There are 2 protein chains.
Amino acid sequence: MGTTQLESVPEPKYWHLRTVLSEALDSEFTVGEILPNERDLAARFGVARATLRQALEQLELEGRLQRRRGVGTTVAPPRVGVDVGAEQQAWPGASEDAWQPVDCAVAAPPPAVADALGTDRDEAVHIVRRSRVSHGQPVAAELLYVPRSSVPDLTAIDTPSGTARARAVLRELERLELEGQDRAVELGSARADDARELDRLPGAPVLVVTTRFFTRGRTAALSLATYRADTCRLTFGASGNVEIHHGPERQAS
Amino acid sequence: MGTTQLESVPEPKYWHLRTVLSEALDSEFTVGEILPNERDLAARFGVARATLRQALEQLELEGRLQRRRGVGTTVAPPRVGVDVGAEQQAWPGASEDAWQPVDCAVAAPPPAVADALGTDRDEAVHIVRRSRVSHGQPVAAELLYVPRSSVPDLTAIDTPSGTARARAVLRELERLELEGQDRAVELGSARADDARELDRLPGAPVLVVTTRFFTRGRTAALSLATYRADTCRLTFGASGNVEIHHGPERQAS
DNA sequence: TAGTGGTCTAGACCACATG
DNA sequence: ATGTGGTCTAGACCACTAT
């Protein structure tokens with residue numbers, strides 16, 4: 001009879017909760033404001049803490065919230081636009097970009113990387129680590145794999161390892177003629193070391209940018225850059241910052 | 001010496017489990033093979049089902065597993081490389097690309113979109129929906145926002161709505177001179193409608209590609225494309241398919 | 001030490017696909 | 001009808017940060 005069709009497909013609680021919280025964030029909170037703790041929030045909405053957490057995880061994934069153990073949950077600022085396309089047709093490190101060399105090792109890369117470079121699987125290559133900072137926060141960690149054959153003049157083993165050698169490898173790389181590059185973006189989860197460097201927990205969602213640098217028909221270097229997916233928006237095409245994506249940005253207080 | 005490494009901090013169970021399962025996938029399973037069900041797996045590893053699920057979620061996020069309700073968990077094929085960069089400097093729909101028009105509506109866009117387009121917030125625009133299929137699977141859903149001023153010759157309201165009008169809008173768009181474009185990639189979660197179209201559950205991780213098309217100094221159109229993050233690797237720069245990723249963990253220097 | 005988010009448990013029931 | 005993954009609960013304890 002009066003039985004309205006009622007949700008024949010009931011929305012999961014955590015999803016509804018996500019929507020409610022999302023709207024509350026738009027209308028009743030300001031960036032940086034701290035939310036009530038999870039136990040209180042769960043009680044307020046009449047759900048178990050695990051369910052509440054499922055909703056918070058969604059919002060964190062979307063870059064709306066930031067959670068820190070021992071501190072609390074805060075409203076995240078809009079994602080920072082990180083330019084990835086401007087370096088097009090330029091060697092990494094050219095013209096002093098946002099990357100900062102950390103150190104350099106010589107070791108055999110993972111098999112998949114060796115295959116992409118066209119080196120033997122047990123052939124050691126230079127592995128330059130760099131980190132990228134934006135607005136005072138670390139946003140990306142990179143591993144740059146450079147076959148020894150790409151930087152033949154760097155045979156002097158007396159080059160000190162560490163930051164100095166990292167810079168030396170980058171300098172040598174710039175002397176080559178860059179013929180083109182190749183880029184891919186995919187979702188991944190931060191390994192333990194990347195997570196530490198990005199100030200996140202292991203398994204945190206990251207955007208992995210794979211770049212191959214070509215010269216004389218071969219792959220001269222390969223970069224694996226790991227960006228924080230929660231705080232970053234990767235921008236191509238020089239133009240700066242557009243604020244797309246969900247909507248109202250009211251301020252209250 | 002401050003050898004910082006101290007194993008007094010135990011690795012979370014789910015993270016260790018993720019590693020163990022990941023290695024098992026590499027060595028003992030083939031693509032498409034079905035895993036034991038979650039209850040059995042949890043029992044086998046001596047953990048609660050929720051913990052086991054946390055590990056599986058990680059692996060699914062990384063594109064290693066595919067889980068389907070009522071069916072089971074299978075080993076996922078490598079991510080498909082979806083070309084996003086080839087359309088560079090081309091209007092959407094030009095030269096019959098992989099996109100397929102679905103329908104078209106005329107309505108006011110979300111405020112953020114209106115701002116990016118430079119239209120009034122309550123001004124109706126054409127909203128073309130398209131979907132993209134690759135290897136027989138839906139990989140992306142797109143909303144293309146086109147201000148009426150960009151396609152002035154399309155004033156005839158008698159244009160049938162639906163697929164036909166979608167094609168008409170795209171056709172008109174191609175007549176404009178494209179001056180440039182602008183692209184950004186970020187992580188998001190699928191809204192209910194996108195999720196349905198992508199054959200996923202609400203909240204599934206997606207890569208959102210925002211593209212602005214410029215002509216005569218203004219934004220002529222804006223595309224919001226939602227790609228399945230679990231199955232897709234977005235490729236720029238024409239070159240085809242490289243298989244990088246997930247090898248064994250690296251060794252620190 | 002107190003309070004936060006992170007991990008983990010052992011259940012229960014639901015929605016969906018398949019035979 | 002059975003078996004699968006998806007959701008949800010009500011606890012417990014741990015790791016971390018601040019005071």
Side-chain angles (χ1 to χ4, degrees), chain A residues 6-19 21 33-61 64-76 189-190 192 195-196 199-205 230, chain B residues 6-19 21 33-61 64-76 189-190 192 195-196 199-205 230:
Chain A
L6 197 59
E7 307 267 351
S8 67
V9 181
E11 201 175 34
K13 273 188 186 178
Y14 77 91
W15 186 253
H16 179 246
L17 204 49
R18 184 209 78 106
T19 304
L21 287 169
E33 196 172 347
I34 62 175
L35 271 63
N37 72 56
E38 297 182 348
R39 292 163 179 85
D40 285 353
L41 274 180
R44 177 177 315 184
F45 287 105
V47 299
R49 192 181 156 215
T51 304
L52 183 271
R53 278 180 60 81
Q54 223 176 327
L56 295 184
E57 267 150 37
Q58 285 283 341
L59 291 168
E60 190 178 31
L61 201 76
R64 309 287 311 276
L65 292 179
Q66 188 161 351
R67 300 193 284 173
R68 275 173 303 175
R69 167 157 45 179
V71 179
T73 301
T74 59
V75 181
S189 55
R196 200 176 335 106
D199 195 25
R200 299 265 68 195
L201 292 172
D230 55 343
Chain B
L6 189 55
E7 210 49 52
S8 68
V9 181
E11 201 175 34
K13 274 188 187 177
Y14 78 90
W15 186 254
H16 179 246
L17 205 49
R18 183 210 78 108
T19 305
L21 287 169
E33 197 172 348
I34 63 176
L35 270 64
N37 72 54
E38 297 182 348
R39 292 163 178 84
D40 286 353
L41 274 180
R44 179 176 313 185
F45 287 104
V47 300
R49 191 180 156 217
T51 304
L52 184 270
R53 279 180 59 83
Q54 224 176 328
L56 294 184
E57 268 151 35
Q58 285 284 342
L59 291 169
E60 190 177 30
L61 200 77
R64 308 287 313 276
L65 291 179
Q66 187 162 351
R67 300 192 285 173
R68 275 173 302 176
R69 165 154 51 180
V71 178
T73 301
T74 59
V75 181
S189 55
R196 200 175 337 103
D199 194 27
R200 300 263 65 194
L201 293 171
D230 54 345

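Since the model is a prediction, treat every value here as computed from it, not as a measurement. Throughout, protein chains are lettered first and strands after them, A, B, ... in sequence-line order, and every chain is numbered starting at 1.
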Starting from the C-alpha separation in whole Å, work towards a yes-or-no answer on side-chain contact (heavy atoms from CB on, under 4.5 Å) for B:Arg69 and B:Leu201. CA-CA 10 Å; B:Arg69 165 154 51 180; B:Leu201 293 171; 3.7 Å; yes
Who are the side chain to side chain contact (heavy atoms under 4.5 Å, CB included) partners of B:Thr73, not counting sequence neighbours?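 Checked B:Thr73 against side chain to side chain contact (heavy atoms under 4.5 Å, CB included); matches are B:Leu35, B:Leu65, B:Arg67.
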List in chain and number order the residues that pass side chain to side chain contact (heavy atoms under 4.5 Å, CB included) with A:Arg68, two or more places apart in sequence or in another chain; answer none if no residue qualifies.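 Expected list: A:Val71, A:Thr74.
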Just verifying a value: how many Å separate B:Leu56 CG and B:Arg49 CZ, rounded to the nearest 0.5 Å? 10.0 Å
Between A:Lys13 and A:Phe45, is there a side-chain heavy-atom distance shorter than 4.5 Å?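 No, their side chains stay 4.5 Å or more apart.
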Tell me, for nucleotides 3-10 of chain D in 5' to 3' order, what letter each nucleotide earns: B for a base near a protein heavy atom under 4.0 Å, S for only sugar-phosphate near one, - for neither? BBBBBSB-
